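Protein chains get the first letters and strands the later ones, always in sequence-line order, with residue 1 at the start of each. In this text the structure is predicted, and so the values were computed from the model without any measurement.
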Protein chains: 2
Amino acid sequence: MASDTRQRLIDGALETIRRDGIAGTSARTIAATAGVNQALIFYHFGSVGTLLAEACRRATEERIDHYRDQLAGVASFDELLDLGRRLHAEERELGNVAVLAQMLAGAQRDESLAPAVAGALRLWIAEIERVLTRLLADSPLAGVIDLPGLATAISAAFVGIELYDGVDAAASGNALEALRRLAVLIEIADELGPVATRLLRRRLAARDRRRSETAPYRKKSPR
Amino acid sequence: MASDTRQRLIDGALETIRRDGIAGTSARTIAATAGVNQALIFYHFGSVGTLLAEACRRATEERIDHYRDQLAGVASFDELLDLGRRLHAEERELGNVAVLAQMLAGAQRDESLAPAVAGALRLWIAEIERVLTRLLADSPLAGVIDLPGLATAISAAFVGIELYDGVDAAASGNALEALRRLAVLIEIADELGPVATRLLRRRLAARDRRRSETAPYRKKSPR
DNA sequence: GTCTATAGTAGGATAGAC
DNA sequence: GTCTATCCTACTATAGAC
């Protein structure tokens with residue numbers, strides 16, 4: 001059946017990139033993994049890049065669907081980071097973040113892959129941003145923190161940590177735990193409320209003022 | 001001259017991986033970029049992987065030497081993040097972080113590359129950790145924050161952001177700026193001193209207590 | 001839709017002349 | 001140390017039989 005072969009190829013592509021990395025992924029290795037004739041990749045998808053793009057899209061949508069309810073139920077930064085920990089553990093077992101990372105590496109020069117990977121990451125970023133926005137809805141921090149930027153940073157950090165995990169698993173685990181501890185700072189700042197926000201705003205303004213000067217760094221000069 | 005050819009190959013390898021990514025890097029493309037005969041790669045390095053590993057090591061050492069003085073001069077988190085911004089901009093121009101990211105992607109299944117890339121990243125992490133340790137030397141936060149883990153997270157985040165930059169440059173810029181704003185939280189927490197630290201410790205303890213229970217999340221129950 | 005066969009290219013690596 | 005020439009393998013992609 002046609003759709004069955006398509007699905008086998010998509011699954012095979014994901015498993016291959018997971019196992020061999022982007023540098024070891026080819027029409028032949030994918031077909032062998034999928035147990036399908038190599039020529040069928042070109043019949044169904046036209047090129048290897050198109051197959052990878054499609055696989056990236058499908059895999060991401062599936063995973064996000066899987067976590068949507070849990071993301072919607074997150075009620076604090078602590079819970080968000082705890083979900084991040086579980087998500088990291090689960091996806092690492094499945095190898096989905098690794099797939100995204102490998103595709104991201106491959107997309108740097110493959111223009112057929114770039115938009116698909118960018119789109120996949122944007123899906124994750126949008127989900128995270130939604131949670132952040134909800135968590136900080138009533139917080140004075142909302143106006144100070146750049147939510148889309150922070151969501152992007154979190155996603156990118158996940159990808160980087162996953163890549164680093166491939167060469168030093170112990171160290172990458174520590175990195176994630178350190179971030180979780182750090183996130184508690186946001187909660188505390190949030191609870192301190194107006195006090196922290198005022199400090200934060202003042203601090204950011206002072207820094208921007210320094211930046212606009214030509215002179216090198218100098219201590220806070222109240223003007 | 002022998003050492004001249006070796007150097008040309010190392011430079012050529014870096015430029016190739018920068019331009020074509022790990023998936024497009026081969027003995028032939030490297031040799032063409034370096035303007036050197038392809039067979040010389042195997043004469044001088046034995047294999048492409050060995051050449052890449054050597055290039056990774058050399059490039060990292062060179063860049064760290066370049067920044068060592070600036071890292072040593074950092075006197076605040078604000079300055080550290082500002083250095084991070086400049087470093088990101090400079091290295092992106094030169095493509096050095098991209099090289100590290102591509103090698104990291106390639107190292108997932110290339111066991112001759114993995115130790116070299118892991119070592120290179122450890123050099124960066126060690127430098128960052130040194131600065132963090134110095135900045136927090138007299139701070140009560142030092143005992144709460146996991147410095148090696150945080151240094152690892154920062155390095156990994158840099159790599160992830162650089163990869164994301166390849167498919168969405170605008171978004172990755174926002175991510176870095178968001179992190180800088182967030183880092184101000186640490187400075188503020190540091191200045192609040194004992195107050196923040198006590199809050200932080202209490203919060204972390206509360207979280208660990210919750211974790212050890214089988215029940216799902218429940219609001220702070222003062223016991 | 002799926003197969004075999006194959007064209008044409010690019011890959012790692014080596015032998016041997018210079 | 002550097003070159004040419006070459007082997008063999010793997011790659012993308014297509015043509016054509018079934």
Please give, in whole Å, the distance from [N] [atom2] to [X] [atom1]?
X	N	atom1	atom2	value
B:Leu9	C:dA13	CG	C1'	15 Å
B:Phe42	C:dG12	CZ	P	6 Å
A:Leu40	D:dA13	CG	P	15 Å
A:Tyr43	C:dT4	OH	C1'	17 Å
B:Arg28	D:dT6	CZ	C1'	10 Å
B:Ile30	C:dA10	CD1	P	16 Å
B:Asn37	C:dC18	CG	P	16 Å
B:Gln38	D:dG1	CD	C1'	15 Å

(request) State which of C:dT2, D:dT6, D:dA15 makes the closest approach to the side chain of A:His44. (result)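 For A:His44, the side-chain atoms sit closest to C:dT2.
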(message) Heavy-atom nearest nucleotide on DNA chain D for A:Thr29 versus A:Ala39: which residue maps closer to 5'?
(response)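 By nearest-heavy-atom nucleotide position, the 5'-most residue is A:Thr29.
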(message) Between B:Glu127 and B:Arg130, does any side-chain N to carboxylate O distance fall below 4.0 Å?
(response)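 Salt bridge between B:Glu127 and B:Arg130, a charged N being under 4.0 Å from a carboxylate O: yes.
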(request) May I ask you to say whether A:Arg181 pairs ionically with B:Asp146, meaning some side-chain N is under 4.0 Å from a carboxylate O? (result)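 Not counted as a salt bridge, because no side-chain N and carboxylate O are separated by less than 4.0 Å.
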(request) Ignoring backbone atoms, establish whether B:Ser26 has a side-chain N or O less than 4.0 Å from OP1 or OP2 of C:dG11. (result)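 Answer is yes, contact under 4.0 Å.
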(request) Output yes when at least one side-chain N/O atom of B:Thr5 is less than 4.0 Å from OP1 or OP2 of D:dT2, else no. (result)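 The answer is yes; a side-chain N or O of B:Thr5 sits under 4.0 Å from OP1 or OP2.
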(request) Return yes if a side-chain donor-acceptor contact under 3.5 Å exists between A:Arg19 and A:Thr29, otherwise no. (result)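 No - no donor-acceptor pair under 3.5 Å links their side chains.
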(message) Under 4.0 Å, heavy atoms only, any strand: does B:Val36 hit a base, just the sugar-phosphate, or nothing?
(response)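 Since no nucleic acid heavy atom lies under 4.0 Å of B:Val36, the category is nothing.
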(request) Look only at the side chain of A:Glu79 and the backbone of A:Val74, and say whether a donor-acceptor pair between them is shorter than 3.5 Å. (result)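 No, because the side chain of A:Glu79 does not come within donor-acceptor range (under 3.5 Å) of the backbone of A:Val74.
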